[in-house]
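One-based numbering, in listed order, for ligands and for the atoms of each.
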Amino acid sequence: MRLRQLEIALQGLAGFPQPQAALEQYTTPATLAARLLFLAAGHGDLEGRTVLDLGAGTGVFACGAALLGAENVTGVELDPGALAVARENADRLGVEVEWLEGDVADLPEPVRGRLYDTVVMNPPFGAQVRHADRPFVDAALAHGRIVYGIFNKGSRPFLLSYIGDRGECTEAVAAELVLPRSMRHHTRDRVEIPVEVVRIRSRLA
Ligand code: SAH
């Protein structure tokens with residue numbers, strides 16, 4: 001599948017029915033999600049691999065990973081409303097994903113003992129709840145050999161010092177997260193947030 005085809009497939013997916021600010025529920029725009037997924041595919045981290053999507057939301061990454069040939073995809077998400085949409089999105093694309101309701105800080109049973117080839121995530125940036133991204137980073141390093149995540153531009157030094165010797169960053173690609181106005185506290189019609197797509201190799205896994 002080509003990049004453009006993936007973007008179009010992901011563009012057609014449904015978003016959050018009622019985005020919750022406290023959970024930082026923003027659907028990753030199709031272009032940025034496709035970019036992260038193609039970065040992973042280019043490293044051989046998707047096709048035939050087991051993939052875990054942390055904070056799967058409405059399933060953009062999980063569905064995209066399945067479209068790109070991941071052998072086995074699991075999505076974990078706290079919000080059952082988002083998961084219901086994710087299920088419909090996967091059905092619409094005709095892909096199979098194991099959806100699990102649960103907290104990344106206390107992973108559901110089927111994930112606990114497992115190690116995945118690849119973790120994908122767009123964790124909360126901690127704009128609402130300080131350090132909300134930390135349990136995501138912890139879970140990713142513990143359960144994935146390779147991790148792809150989207151982080152605020154400029155936060156890499158903090159991320160790396162938080163990771164410490166648990167992992168190493170092997171690549172960081174600058175990108176932009178363009179969000180349409182989706183919540184009441186937004187004052188502008190769209191916001192552009194400079195971000196980085198980061199690839200981390202876990203030393204725990
Ligand atoms: N991966 C999706 C959603 C990103 S938004 C996408 O890229 O479009 C972040 C998601 O993490 C939201 O769906 C939110 O509900 C979920 N989330 C936030 N804290 C969580 C936690 N502790 N455990 C599991 N999911 C969580």
Side-chain angles (χ1 to χ4, degrees), residues 6-7 9-40 46 51-68 70 73-90 92-93 95 97-112 116 118-144 147-152 175-180 182-183 186 191 193 195-198:
L6 179 66
E7 284 174 1
L10 298 181
Q11 245 145 29
L13 299 182
F16 289 101
Q18 285 165 321
Q20 295 175 49
L23 291 175
E24 293 195 41
Q25 291 186 327
Y26 301 98
T27 306
T28 304
T31 46
L32 180 56
R35 194 131 177 232
L36 179 147
L37 291 166
F38 259 67
L39 182 68
L46 287 186
V51 177
L52 174 64
D53 181 357
L54 293 175
T58 54
V60 181
F61 288 146
C63 290
L67 282 176
L68 292 181
V73 185
T74 301
V76 176
E77 168 59 47
L78 202 57
D79 173 15
L83 266 189
V85 176
R87 278 205 177 84
E88 286 169 21
N89 281 335
R92 194 180 312 175
L93 291 175
V95 294
V97 175
E98 176 187 33
W99 301 109
L100 298 172
E101 188 180 327
D103 191 328
V104 299
D106 181 20
L107 283 167
E109 195 54 51
V111 179
R112 271 194 209 166
Y116 294 80
T118 308
V119 170
V120 288
M121 61 183 187
N122 186 0
F125 290 169
Q128 301 289 331
V129 179
R130 208 169 138 77
H131 300 319
D133 57 337
R134 291 191 170 181
F136 281 76
V137 174
D138 295 341
L141 293 171
H143 293 276
V147 180
Y148 291 87
I150 297 176
F151 297 91
N152 254 322
E176 208 165 61
L177 176 58
V178 181
L179 297 173
S182 62
M183 292 183 194
H186 291 165
V191 276
I193 304 167
V195 296
E196 277 182 337
V197 180
V198 177

Exam field: side chain [X] to backbone [Y], donor-acceptor pair closer than 3.5 Å:
X	Y	result
D53	A62	yes
E24	F125	yes
R112	L107	yes
N89	T58	yes

Q11 CD to L6 CG distance, which is reported to the nearest 0.5 Å: 10.0 Å
Interatomic distance, L78 atom CG to L54 atom CG [nearest 0.5 angstrom]: 12.0 Å
Closest to atom 12 (C) of ligand 1 among R134, M121, Q20, E77 (heavy-atom distance): E77
What are the atoms of ligand 1, with element, lying closer than 4.0 Å to any heavy atom of [X]?
X	answer
T27	8 (O)
F61	7 (O)
G102	23 (N), 24 (C)
Y26	3 (C), 4 (C), 5 (S), 8 (O)

L100/V111 under side chain to side chain contact (heavy atoms under 4.5 Å, CB included): CA gap, chis, key distance, verdict: CA-CA 9 Å; L100 298 172; V111 179; 3.4 Å; yes
Considering only the protein, which heavy-atom contact is closest to [atom], and what is its distance?
atom	value
atom 26 (C) of ligand 1	F136 CZ, 3.6 Å
atom 23 (N) of ligand 1	V104 N, 2.9 Å
atom 5 (S) of ligand 1	E24 O, 3.3 Å
atom 25 (N) of ligand 1	L78 N, 3.4 Å
atom 8 (O) of ligand 1	T28 N, 2.9 Å
atom 21 (C) of ligand 1	D103 OD1, 3.5 Å
atom 1 (N) of ligand 1	G55 O, 2.8 Å

Nitrogen or oxygen of Q25 less than 3.5 angstrom from that of ligand 1: yes
Residue pair Q25, D79: steps toward the side chain to side chain contact (heavy atoms under 4.5 Å, CB included) verdict: CA-CA 10 Å; Q25 291 186 327; D79 173 15; 3.0 Å; yes
Least distance between heavy atoms, A56 atom then G75 atom: CB-CA, 3.9 Å
Intermediate values then yes/no, side chain to side chain contact (heavy atoms under 4.5 Å, CB included), F38 and L68: CA-CA 9 Å; F38 259 67; L68 292 181; 4.1 Å; yes
A82 to ligand 1, any heavy atom closer than 4.0 Å: no
Part of A56 with heavy atoms under 4.0 Å of ligand 1, whether side chain, backbone, both or neither: backbone
